[in-house]
Amino acid sequence: QNITHMQSTTPFSGAVRLGILGGGQLGKMIIDEVMRYDIFVGTLDPSTQASTAPYAHICRHGDFRKREDVLEFGADFDVLTIEIEDVNTDALRELEAQGKRVYPQPDVIDIFRDKSVQKEFYRKHAIPTSDFVILENKPTDWDDFPVVWKAATGGYDGKGVKLLRGKSDLVDLPDGRCVMEELVPIAKEIGVIVSRNVSGEIAVFPPVEMEFHPEANLVELVFAPANISAEQSAEAERLARILAEKTRIVGTLAVELFLDNDGNFIVNESAPRVHNSGHLSIEACYTSQFEQHVRAILDLPLGDTSLIMPAAMGNVVGEPEYSGKVVYLGAEELLRQRGVYLHLYGKTETRPYRKMGHITCLHKSTTQAREIVRSLRQTFKIIAQ
């Protein structure tokens, strides 16, 4: 297993109180692991219908972007973590000054929440990434096409990213700070999850390969092991480890990489949290990314990241023509399948391409696992009443 062992300095106590900023599906899946450790957990989210609401000991209704809400929430917890980057880091720094343990650290969150800062970090530390230009406002006279436009902040699940092929594509861009990236010929998109605990122990999950929806720009299918060479796998893990070391993150970092047509990796972007690309680890690895994150922020020994079995994971999203109260179709056929696991996120309302759950399949053949997930995504549907 790919772990650097170090001695923990923090005694573990089930009496610790853990607060999570964000109440979405990532928080829900963190709570699944937290409960196994008998830890008191609370979440802060603007929605009273948050995915974590039925599961957390406390589910506070508040805005994790507002200083006052974060300070009030954080006062009741010993350790604070995130499931979304768009949080008030100034408030988290104040909580750190009060003696709260905040992981990932606010300075680390600030590196990755802004894509322009993130790209500059890669350049400063010689992390391979695509060429880029940072603009304070949307481009109006850009001439070098094609190019990838990314909003500096606020983008997620395919939003805030657009391939620009000509001047006409500039018209509808929102104004604001942005990154203009070179369009890189891509052979494959690879993801690596890496975790680092308080004591500096690092564990890297095996690389996964990702396939994206051509319209929604969402991850559609993830599978492991990735169809790359042993040398390429080692290089992807090395880059993820370097990022964990350079940032000194405590928690989990998801690193998305492009493998170009020459066989070289460049880092596309990273997120300082558990991530969609790591969901298959719940069933496919000895330690899931969610348990690993909990271990890391509590300074516990990190778990074995090895694959138990090849696996594929497919996101289940709202059908494009439906919005409203959620209805699930086809669950019975899915649940008859051997080695198939269904995860639903508890979202009461669906809308086009909204992430509503995921399907994981374990199989001795990665190819077969992929085909099973592809087939089930055609029969299991999310519609509305």
Side-chain angles (χ1 to χ4, degrees), residues 24-26 28-29 32 51 157-158 186-193 205-228 233 254 256 259 274-285 288-290 306-385:
Q25 65 263 21
L26 300 178
K28 178 180 181 292
M29 288 183 273
D32 289 344
S51 295
D157 284 352
I186 302 168
K188 295 180 184 293
E189 298 200 33
I190 302 296
V192 181
I193 302 291
F205 284 82
V208 300
E209 190 167 337
M210 300 180 287
E211 297 177 5
F212 286 77
H213 190 285
E215 296 175 21
N217 199 28
L218 289 168
V219 175
E220 195 167 47
L221 188 70
V222 175
F223 58 91
N227 187 22
I228 56 178
S233 182
E256 296 182 8
L259 181 63
V274 290
H275 192 265
N276 190 229
S277 62
H279 287 353
L280 59 72
S281 65
I282 298 172
E283 286 87 19
C285 297
S288 77
Q289 66 164 340
F290 300 98
S306 303
L307 275 176
I308 300 170
M309 202 171 189
M313 186 281 297
N315 284 318
V316 178
V317 301
E319 290 296 301
E321 65 269 30
Y322 289 94
S323 293
K325 190 172 182 181
V326 66
V327 175
Y328 304 113
L329 296 180
E332 294 84 358
E333 176 60 28
L334 185 152
L335 294 172
R336 289 190 185 100
Q337 301 291 324
R338 181 181 179 184
V340 171
Y341 302 85
L342 174 63
H343 294 259
L344 298 176
Y345 299 155
K347 298 175 181 179
T348 58
E349 299 284 327
T350 185
R351 57 178 179 264
Y353 300 116
R354 187 184 192 194
K355 285 182 186 175
M356 302 297 290
H358 71 266
I359 301 165
T360 300
C361 177
L362 303 188
H363 198 285
K364 61 183 179 182
S365 163
T366 308
T367 300
Q368 284 296 108
R370 290 161 62 189
E371 291 309 311
I372 291 169
V373 171
R374 282 197 181 101
S375 175
L376 290 172
R377 291 181 75 252
Q378 297 302 312
T379 57
F380 182 74
K381 299 290 186 180
I382 309 289
I383 64 171
Q385 288 184 353

>> Working note: Asp32 + Phe290, criterion side chain to side chain contact (heavy atoms under 4.5 Å, CB included); need CA distance, chi angles, decisive distance, verdict.
In response: CA-CA 8 Å; Asp32 289 344; Phe290 300 98; over 6 Å; no
For the pair [X] (side chain) and [Y] (backbone), establish whether a donor and an acceptor sit closer than 3.5 Å, ignoring hydrogens and angles.
X: Glu189; Y: Met210; answer: no
X: Lys347; Y: Gly24; answer: no
X: Ser281; Y: Gln289; answer: yes

To the nearest 0.5 Å, what is the distance between [atom1] on [X] and [atom2] on [Y]?
X: Ile372; Y: Ile359; atom1: CD1; atom2: CD1; answer: 11.5 Å
X: Glu283; Y: Leu362; atom1: CD; atom2: CG; answer: 6.5 Å
X: Ser375; Y: Arg370; atom1: OG; atom2: CZ; answer: 14.5 Å
X: Met313; Y: Leu280; atom1: CE; atom2: CG; answer: 6.5 Å

Give the table of side-chain donor-acceptor pairs shorter than 3.5 Å for residues 317-325, with sequence neighbours excluded, one pair per line with atom names and distance.
none

> Quick one: ring pair (Phe, Tyr, Trp, His ring centres under 6.0 Å) pairs with a partner in residues 354-385, sequence neighbours left out?
Replying inline: His279-His358, His343-His358, Tyr345-His358
> Would Glu211 and Arg374 pass as an ion pair if we require N to O under 4.0 Å?
Replying inline: yes
> Should Thr379 and Leu334 be marked as a side chain to side chain contact (heavy atoms under 4.5 Å, CB included) after you check the CA-CA gap, both sets of side-chain angles, and the distance that decides it?
Replying inline: CA-CA 8 Å; Thr379 57; Leu334 185 152; 6.0 Å; no
>> side chain to side chain contact (heavy atoms under 4.5 Å, CB included), that's the test. Do Ile383 and Thr350 meet it? Break it down for me.
In response: CA-CA 7 Å; Ile383 64 171; Thr350 185; over 6 Å; no
